[in-house]
Every structure is written in structure tokens, then in C-alpha cells.
There are 2 protein chains.
Amino acid sequence: MSKTKPFPPTLKQLLLKGNEQIHPGVSVDCVIFGFHENVLKILLLEVKQANIWSLPGGFVLKNEEVDDAAYRVLALRTGLDNIFLQQFHAFGNPNRSDVTFHQLKFQEYGIKIPKDNWLTQRFVTVGYYALIDFSAAIIKADSYDSTYAWVDVQKIGTLMMDHNFIVEKALETLRTQLAYLPIGKNLLPKKFTMPEIQKLYETILNKKLDRRNFQRKMLGFGIFNKLNETRKGGAHKAPFLYTFNDKKYQKALKDGLYGSW
Amino acid sequence: MSKTKPFPPTLKQLLLKGNEQIHPGVSVDCVIFGFHENVLKILLLEVKQANIWSLPGGFVLKNEEVDDAAYRVLALRTGLDNIFLQQFHAFGNPNRSDVTFHQLKFQEYGIKIPKDNWLTQRFVTVGYYALIDFSAAIIKADSYDSTYAWVDVQKIGTLMMDHNFIVEKALETLRTQLAYLPIGKNLLPKKFTMPEIQKLYETILNKKLDRRNFQRKMLGFGIFNKLNETRKGGAHKAPFLYTFNDKKYQKALKDGLYGSW
DNA sequence: ACAAAAGTGTTACTTTTACACCCATGA
DNA sequence: TCATGGGTGTAAAAGTAACACTTTTGT
């Protein structure tokens, strides 16, 4: 500890009185996906003092719906509201506790967290994944003064605690749901091209798809509007732009893309 | 209160010291499916004093994996071990608290639960569903002296708190997973006939299926062994018996039944 | 012998896959 | 003018859906 910063009252309050406002033993963690330059990325925060990266997460307030806690975290971090956010799994490993994380955080202020403080107990965390429009998000690091980064899902290093596992599970869920949910709306800008959404699907599935069959299938879902504009840019024919047909998109979200059986 | 029973020390301990052993604010609830006489049923417990039915559930111990808590509840209730048990959703409504339930329970012993006791706070519950062989289960009601019943999923009345919602969600999950998981192994006896498993599928999907197409599809999965025995009984041709091919079943559980994409 | 339900196969239809040629764009 | 990548259509293959007659069993 080179220098001890003044302990912010809010942090102190968190430590001593947090348990009065915070639902005990439960947290939320968000795997926030964005798609940028044809790469699927997730938003990570760095715990500077601990020199380790983690998922954006937070506590659940007493009297707060757990889903709302996740929305709160998402809005706090991205400035975005009204987003595709989906719970995918609860993680209940008995070793999941943020002891090291919190100790390092508070250590910075010359504070040692007392034994048996509510903060150091095991937290069961509920995992959510969000699909956001990369270009619309304005990321904020948190009061714990972390920094952030968008990291290619293919190149994620070692994360805090079981966060790598959580990301894996989120990806797995996303892959599964791709088959029956209209993914893309929130990951892509309003107007997008077929090659763009195809790239998105290929990235998520980690697999090349046939251009023509992909387009036929996608259009077959009937959830797109074809615009009379093209996106110029490359040394090739300019692809058409599409938007999601909101009404049909909402229906597909509810009913799924296939009936099966 | 006609007569107050002696307050059992274990219950008293639960009230006063439970928070020392129990992970705060989190519980598990199990939707236990069984298939009997061609009807899909779930196991419900009656809270006698409250005259209301509920899902079998329980607390999570400190240092206990949440999944293990669900296994514990399942084993406690059914005597069964090594069962298909799957987490499907966490329920975090801020109103979910067992206040009435617990009050009525303790009232029976002439005890009023103090305000702010750990028992009466909101619990976030993690929902699990299990598929069990109805004929193999030996059901135990719990120390809270409830009684139990297997109830047709089509005829479930009003349950405690949000338990109806939990059951709905479990059914929905089961329906979705039917498309890519080999359901049936745990719901059916070791040997079963095509008409039996078809009935099971029809019940879960709430839809009639074509006998011939169903059989072709099922057998196409390659996870059954056809036996040289038939099940006699009705005034009609005796259907053949099948068993699951364990090796291929396990593989299908892991990889799913289709590849898609 | 009759009613009830199971065994079995074929044909039409739909969906998926594989594949090739032409066209607009920017360098 | 050329390289790049997008637009488009068709034929073969696989999978799904629809459908009828025969067989076994118990009464």
C-alpha cells in the first residue's frame, strides 16, 4: 500500500450497512455481447488492484426483482435501456465468493474487511446475457474505479472466479437459442446487410455458412424489411440494407422461429 | 389454535440458528415429474395448516452447491438418487417470501416468528425439474408434517406463492428440451413400449402425434434397443418392449438429438 | 367373430444442401 | 480492367407429413 486514499463514505456504508439494503447471498452477472468489426465481443471490467478481469455484476437490492437488478447493471454500464436481456443460469458453487476481490478493493483504502462480513460470504449469482448495439453503448466503469474493455470472445483470458465458466455457459445458451430466437436485432445497428448478419451467425456458431442458403433461410423467417438502399464501401457490389420488421420480430421472439413437432 | 403441540427443538433451532448453517436468501424448488397411467404428474406437498399445496423445496446450506441442495431435496422426497435433474430458471420476485407459510407452520406450535427473522425475508429460488420413474419412487412427506400427492399437470390447482408460475416455466422448458434431449429415460420404467413413450410425448406437448411417423423418428435417433418381448394386456396386438441403449442415450444427452445449422 | 390397438410401407410435400454464373464497385 | 464479394436460381437429397391395410389379442 503505497498511499491510502480517504475511505469514501459510500464504500464504508456498503461494508457496514450494505446488508440492510442488499438482498443477502445473491448477485447478478451480465455477459454483455456486442458485435463490432465482424467480431463478437463481451464487455469486461478490470479490477485494477487485483489485476484481474471480471464480468459486470452487482448486488440485488431488497425488494428488487432479480431481473431488474440485471437491467440496472446493464443500464449503469452501457447507458442502454430496453435491451434484450435474458437470464440463462444460476451459479451456485460454494467457493464462489469475492473475498480476494473485495479485500484488494478495500485494501486500497487501508481497510481490512472484518471476518464474517456479509460481503465476503459466498454469493449465488444469476447469470444474464445481453445483446447490445455496440455503436450505441456508452460504457462506464464503476465507482470501484475499474477500467473496461470489449474483448473478442475467442480471446478471453483468465477471469475472476468462475466468470470464464459463466461466459462459456452464456455462449452455449446463445448458440442454442440462435436456432429458435431471432438473434441480431440488438447486436446489429438498425440497418444492416445480409453479409453482416451472416458474419454474426458464423461468429456465434463458429462455423462457415453458405451465403445463398443463409439468405434464403433468414428471409424465410419473414422478420426483415428489405430497404432500397445499399451499403457501399468495398470493392464489390454493394449489398442491400435491411431492418428488422418490429412487429414480426416481436412475434418471433415470443413464438420462436420454428414450431417443430 | 385448538391445541398447541410441543415445539420441536429442531424447529426452534431452525428459527433461531438456521441462519448459521443456511445460505441466506436462496432456496431451491423442484418440479418432480412422474408418468403414471399415461398421465404426466408432478409431486406436490400439502401444507396442512395453511391448506395450500406447494412444490417440494428446501434451503441451501452454506458450503453446499446449489445443485446439490436440489439433489438433496429430490432424494429426501423420492428416495431416488442419480436422477435427471436440471436447473431451469431462477425466480427473483421481491414478493416471494414464505411468511404466511412459515407463520402458519409455527403458529401450530404456538410460536410467532419474530419480525425480521431470516425465515421471513424474501427468498430467491432456483427452480429445478426432475424426471423420475414413478414406480420406483417412495415418497416421503417432510418433517413439517405435510402430506403429498401426485397431481396431473393438467389439473393443478392454486399453489403457494409463485409456484404455479414455476411449474409453467418447468413445463415450457421440458417442451423445448424435448426437441433436442432424449426425454423419457427417467420417466418410464426400464422396459416400455412405443405407445407408452408416444403417450408421454403427446402429454408433454399436449398434442396428438402420428403413430407411424413417431415411431420412425424415435427409432431413427438410435437410442433404443428393441427387445424380443411384448407387453400383453389389452384386447389387441401386444406392442414390443424397448429399453434405452445407455451408451447412445448418454451421448444424445450430451450432444443433443439434432445438430441443426 | 368382433373390437381395439399395434405392426408396417409408400407417396407427396417441404426443407435443406450443394453448387455456378453474372453484376456492381473501388482500386 | 480486374479483383472482390454480392445478387440470384435450380436440381438432388434428406426429412417430414399424410395416409390404409393387415395382424394380434381379449372378450
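The figures that follow rest on heavy atoms only: side chains count, while hydrogens, waters and symmetry mates do not. Every chain is numbered from 1, with letters handed out A, B, ... down the list of sequences.
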What integer distance in Å separates [X]:[atom1] from [N]:[atom2]?
X: B:D210; N: C:dC13; atom1: CG; atom2: P; value: 17 Å
X: B:F221; N: D:dT16; atom1: CZ; atom2: P; value: 8 Å
X: B:L219; N: C:dT8; atom1: CG; atom2: C1'; value: 12 Å
X: A:L241; N: D:dG7; atom1: CG; atom2: P; value: 10 Å
X: B:F214; N: C:dT8; atom1: CZ; atom2: C1'; value: 17 Å
X: B:K237; N: D:dT23; atom1: NZ; atom2: C1'; value: 4 Å
X: A:H236; N: C:dT25; atom1: NE2; atom2: C1'; value: 8 Å
X: B:M218; N: D:dG15; atom1: CE; atom2: P; value: 16 Å

Any side-chain N or O of [X] under 4.0 Å from OP1/OP2 of [N]?
X: A:K232; N: C:dT25; result: yes
X: A:K226; N: D:dT8; result: yes
X: A:Q215; N: D:dG7; result: yes

Would you kindly compare B:G233 and A:F240 by the position of their nearest DNA chain D nucleotide and give the one closer to the 5′ end?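 Mapping each residue to its closest nucleotide by heavy atoms, the 5'-most match is A:F240.
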**Prompt:** Taking atom CZ of B:F88 and atom CD of B:E172, what is their separation to the nearest 0.5 Å?
**Reply:**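 One gets 10.0 Å once the value is rounded to the nearest 0.5 Å.
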Ignoring hydrogens and angles, are the base of [N] and the side chain of [X] linked by a donor-acceptor pair under 3.5 Å?
X: A:R211; N: D:dG7; answer: yes
X: A:R216; N: D:dG9; answer: yes
X: B:R212; N: D:dA20; answer: yes

Original post:
Under a 4.5 Å cut-off applied to non-hydrogen side-chain atoms, are A:F91 and A:D29 in contact?
Top reply: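 Sidechains of A:D29 and A:F91: no contact.
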inquiry  = A side-chain contact here means heavy atoms from C-beta on lying under 4.5 Å apart; do B:F33 and B:L40 qualify?
reply    =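 The answer is yes, as the side chains (C-beta and beyond) meet within the 4.5 Å cut-off.
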May I ask you to decide whether A:D133 forms a salt bridge with A:K190, counting only side-chain N to carboxylate O separations under 4.0 Å?
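Answer for the salt bridge query: no.
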| query | If you measure from the Lys or Arg side-chain nitrogens to the Asp or Glu carboxylate oxygens, is any gap between B:K207 and B:E202 under 4.0 Å? | reply |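 No, B:K207 and B:E202 are not salt-bridged.
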